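Okay, structure first, notes after.
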Amino acid sequence: MNSSSAAASTPQITLIDLGGTLWKQARELRYQLFFADHGLPESVMDDEREASAWHLAAVRDGDLLGYGRLNQLPDGSWLISQMVVAPACQGQGVGRLILRELIDATVRAGGGVIRLNARCHATAFYRNEGFLPVGEPFVSAITGVEHVEMARGS
């Protein structure tokens, strides 16, 4: 593989605009992987954090591979949410690229504690990036899926 092919295969992490084409694709991916199987309406994604979030996407050759959302909370901590990777791209490091960029964004903005609610089966993924469980697992009031709050930072 030549260097231009290698560069083309590396996903780019980019900030995307609310309402833009990539955001709409990310919204559809989020819906399909998190909410569709539960029979929930798409409007379930229209929470109080959507409009104020930083939306990041992993993109390769114009194709959306994954997505993550970041919000600063009133107490100064950060919340990562809605992280999702297209099924065909899972296990290829796309989620790690997104997560690391979200973490780096908090550092560039002044740092602090970063929180997220992980599906219990994904806790090892987040532990590998320095997140530790906070409290006991809980069942999401929206989907009924078991999660655990995790945090990193001081």
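This structure is a prediction, so every number in the text was calculated from the model and none was measured.
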Indicate the atoms forming the closest heavy-atom contact of [X] with [Y], along with that distance.
{"X": "M83", "Y": "G68", "result": "CG-CA, 4.0 Å"}
{"X": "V134", "Y": "A151", "result": "CG2-CB, 3.8 Å"}
{"X": "A105", "Y": "W54", "result": "CB-CZ3, 3.9 Å"}

Close side-chain approach of [X] to [Y], heavy-atom, < 4.5 Å:
{"X": "L70", "Y": "W78", "answer": "yes"}
{"X": "F34", "Y": "Q82", "answer": "yes"}
{"X": "V85", "Y": "L65", "answer": "no"}
{"X": "L18", "Y": "H55", "answer": "yes"}

Check against side-chain contact (heavy atoms from CB on, under 4.5 Å), V94 and Y67: CA-CA 9 Å; V94 173; Y67 166 88; over 6 Å; no
Working for side-chain contact (heavy atoms from CB on, under 4.5 Å), residues E136 and V148: CA-CA 6 Å; E136 296 298 317; V148 65; over 6 Å; no
Once rounded to the nearest 0.5 Å, what's the spacing between atom [atom1] of [X] and atom [atom2] of [Y]?
{"X": "R27", "Y": "M45", "atom1": "CZ", "atom2": "CE", "value": "4.0 Å"}
{"X": "I16", "Y": "L64", "atom1": "CD1", "atom2": "CG", "value": "7.0 Å"}
{"X": "Q72", "Y": "L79", "atom1": "CD", "atom2": "CG", "value": "11.5 Å"}
{"X": "L102", "Y": "I13", "atom1": "CG", "atom2": "CD1", "value": "8.5 Å"}
{"X": "T106", "Y": "N71", "atom1": "OG1", "atom2": "CG", "value": "12.5 Å"}

Sequence-distant partners of D104, salt bridge (Lys or Arg N to Asp or Glu O under 4.0 Å), two or more places apart: none
R100: salt bridge (Lys or Arg N to Asp or Glu O under 4.0 Å) partners, not counting sequence neighbours: E129
Under-4.0 Å salt bridge between R69 and D47: yes
R30/E42 ion pair, N-O < 4.0 Å: no
Are [X] and [Y] connected, step by step, through hydrophobic side chains (Ile, Leu, Val, Met, Phe, Trp, Tyr) whose heavy atoms are closer than 4.5 Å?
{"X": "F35", "Y": "L33", "value": "yes"}
{"X": "M150", "Y": "I98", "value": "yes"}
{"X": "L97", "Y": "F125", "value": "yes"}
{"X": "L116", "Y": "V84", "value": "no"}
{"X": "I103", "Y": "L56", "value": "yes"}

Main-chain N/O of S140 paired to T143 side chain as donor or acceptor, under 3.5 Å: no
Polar side-chain atom of Y126 near backbone of L99 as donor-acceptor pair, under 3.5 Å: no
E48 atom CD, neighbour heavy-atom count above 12 within 6.0 Å: yes
I142, CD1: over 12 other non-hydrogen atoms inside 6.0 angstrom: no
side-chain contact (heavy atoms from CB on, under 4.5 Å) evaluation trace for I80 with I114: CA-CA 7 Å; I80 292 173; I114 308 169; 3.6 Å; yes
Candidate pair H38 and V44, rule side-chain contact (heavy atoms from CB on, under 4.5 Å), full reasoning: CA-CA 11 Å; H38 302 284; V44 73; over 6 Å; no
Could you tell me which residues satisfy side-chain hydrogen bond (donor to acceptor under 3.5 Å, both in side chains) with [X], sequence neighbours excluded, listed by chain and number?
{"X": "H147", "value": "none"}
{"X": "D75", "value": "S77"}
{"X": "W23", "value": "E50"}
{"X": "R49", "value": "none"}

S81 and N117 side chains, donor-acceptor separation under 3.5 Å: no
Test log, rule salt bridge (charged side-chain N to carboxylate O under 4.0 Å, His left out), inputs K24 and D17: CA-CA 10 Å; K24 289 176 184 174; D17 294 328; over 6 Å; no
